[in-house]
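The model shown is predicted, which means the values in this text are computed figures rather than measured ones.
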Amino acid sequence: MPELPEVETVKRGLAPTMEGALLVRAELRRPDLRFPFPDDFAAAVSGRRILSLSRRAKYLMIDLEGGDVIIAHLGMSGSFRIEAGAPTARDGFHALRGKDEKHDHVVFHLDAHAGPARVIYNDPRRFGFMDLARREAIAEHAFFRELGEEPTGNALDAAYLAARFDGKAQPLKAALLDQRTIAGLGNIYVCEALWRARLAPVRPAGTLVDKRGGARKPLLLLVEAIRAVIADAIAAGGSSLKDHIQADGSLGYFQHAFSVYDREGEACRTPGCGGTVARIVQAGRSTFYCPRCQK
DNA sequence: ACATAGACCTGTTGGC
DNA sequence: TGCCAACAGGTCTATG
C-alpha cells in the first residue's frame, strides 16, 4: 500500500477526526509490530490532546500536546480506519462485521469533536512500526536524519539530483528508491516516473549528469516526471492495490492510471510506441518498463 | 563504497 | 477443487 501518496492520503483522511481530539487511551493488542513498542508508549500518549498530523517521507506523525510525537510507518500492509461512536458488544463479533479484526493491532480511543471515535491500525504483515519521540528531536531521529528531499516541494530540483547522481554507476531504479536521495518514492512511483521520463530503469544514474556535474536534459525531464506522478497520485487519493486503504473506507484510484506498474505483457501507453511492458527484477524487486521507449 | 540476497510476516494469486 | 510456489506497496542486516 503505502508510498508517499498513500501516506499523505491517510494523513488527510485522519486529520479531520484526530486533530484537536483527546487521545483518551491507546490500546496495544500485541507488544510489537516490526519492532517492540517503546516501553512507556501507551501510558505516554494516553490522556493527551492531539495537536496535528503531518507526514515526512512515508512516515505519519501525530503531534501531541506536551511535545511528544507518535511516529508511525505503515510498512507494506498497514492501514488505519476510523470507527465512530463508542464500542458496542457487537464489535467483538468478527462474523457480524466482516472485518479483519485479527490484524487490528493498535486502537486509539478518541474523544473527538463529533463524539467518541476509534482510530484503528491494522497490519497483516506487521512490517509497520510505531515509535515515540520529542518534537524538538525529530530532525535528528534515526528515521529522519538521513532522509533526502521530498518530491512534493521545490527543494527537489535538477541541480540537487545531479549532485546526488554524479559519478554513480547505480541503476536509476535503485538510485530513486534510495530514501537518502528522495524521501517517499517506492516501487510503484519509481517505475511510473521513469516511464514518464522515457528513461530505462537499468540506466546508470551518472549518465544523467554532464562532465561539469550539471544536469543533462533527461534529468530535467526526470525531475518533472517525479513531481508530476506524485502530485497526480496524491490528487487521486493514492493507489489501492488491495481493498480500501483510506481512513473513511473509500478507495484511491491512481492504480487505474498506472502506465507500466503491474502491466507486464500489455501495450506501452506512449503514443506511437507500440512496445510491450516488460518485467525485470532489480535488487530483488519487480521493475516494470517499456524496453522500446525507455532509453 | 556498493550490489545482491536474505530476513522480517501473512495473505493472495496463478499454475498445475 | 486442492496444493504449492511465487509474489506483494518497505526497510534493515549480513555477505560478498
**Student:** In which stems does DNA chain B show up, taking only runs of three or more Watson-Crick or G-U wobble pairs whose two distances fall under 3.5 Å?
**Tutor:** B:2-8 with C:10-16, B:10-16 with C:2-8

**Student:** For the pair made of CD1 in I188(A) and C1' in dA8(C), what is the distance, rounded to whole Å?
**Tutor:** 10 Å

**Student:** List the protein contact pattern of nucleotides 5-11 of chain B with one symbol per nucleotide (5' to 3'): B for base contact, S for sugar-phosphate-only contact, - for none; contact means a heavy-atom distance under 4.0 Å.
**Tutor:** ---BBBS

**Student:** Quickly work out the F288(A) CZ to dA8(C) C1' distance and round it to whole Å.
**Tutor:** 10 Å

**Student:** Verify, without hydrogens or angle tests, whether E19(A) (side chain) and L53(A) (backbone) share a donor-acceptor contact under 3.5 angstrom.
**Tutor:** yes

**Student:** Out of R118(A), R126(A), R81(A), which residue meets the salt bridge (charged side-chain N to carboxylate O under 4.0 Å, His left out) rule with D104(A)?
**Tutor:** R81(A)

**Student:** Please report the closest heavy-atom contact between L156(A) and V223(A), naming both atoms and the distance.
**Tutor:** O-CG1, 3.8 Å

**Student:** Using whole Å, what does the distance between atom P of nucleotide dG10(C) and atom CG of L176(A) come to?
**Tutor:** 13 Å

**Student:** Report the distance from atom NZ of K173(A) to atom P of dC2(B), rounded to the nearest whole Å.
**Tutor:** 19 Å

**Student:** Calculate the interatomic distance between D123(A) atom CG and dT11(C) atom P; express it in whole Å.
**Tutor:** 13 Å

**Student:** Taking the side chain as every heavy atom from C-beta outward, state whether L199(A) and L208(A) have any pair of such atoms under 4.5 Å apart.
**Tutor:** yes

**Student:** Separation of K58(A) atom NZ from dC12(C) atom P, in whole Å?
**Tutor:** 10 Å

**Student:** Rounded at 0.5 Å granularity, tell me how far OG in S239(A) sits from OH in Y253(A).
**Tutor:** 11.0 Å

**Student:** Any idea which of dG10(C), dA3(B), dC7(C) is nearest the P171(A) side chain?
**Tutor:** dA3(B)

**Student:** For R279(A) and for H73(A), locate the closest nucleotide of DNA chain C by heavy-atom distance; then report the residue assigned to the nucleotide nearer the 5' terminus.
**Tutor:** R279(A)

**Student:** What is the separation between atom CG on D131(A) and atom P on dG10(C), rounded to the nearest whole Å?
**Tutor:** 20 Å

**Student:** Please check: side-chain N/O of D157(A) versus main-chain N/O of Y160(A), any donor-acceptor pairing under 3.5 Å?
**Tutor:** yes

**Student:** With clusters built from Ile, Leu, Val, Met, Phe, Trp and Tyr whose side-chain heavy atoms come within less than 4.5 Å, directly or transitively, what are the remaining members of the cluster of F35(A), listed by chain and number?
**Tutor:** Y59(A), M61(A), V69(A), I71(A), F129(A), I138(A), F143(A), F144(A), L147(A)

**Student:** Side chains of E140(A) and R145(A): closer than 4.5 Å at any heavy-atom pair?
**Tutor:** yes

**Student:** Report the nucleotide, chosen from dC7(C), dA3(B), dC2(B), that has the shortest atom-to-atom distance to any side-chain atom of S286(A).
**Tutor:** dC7(C)

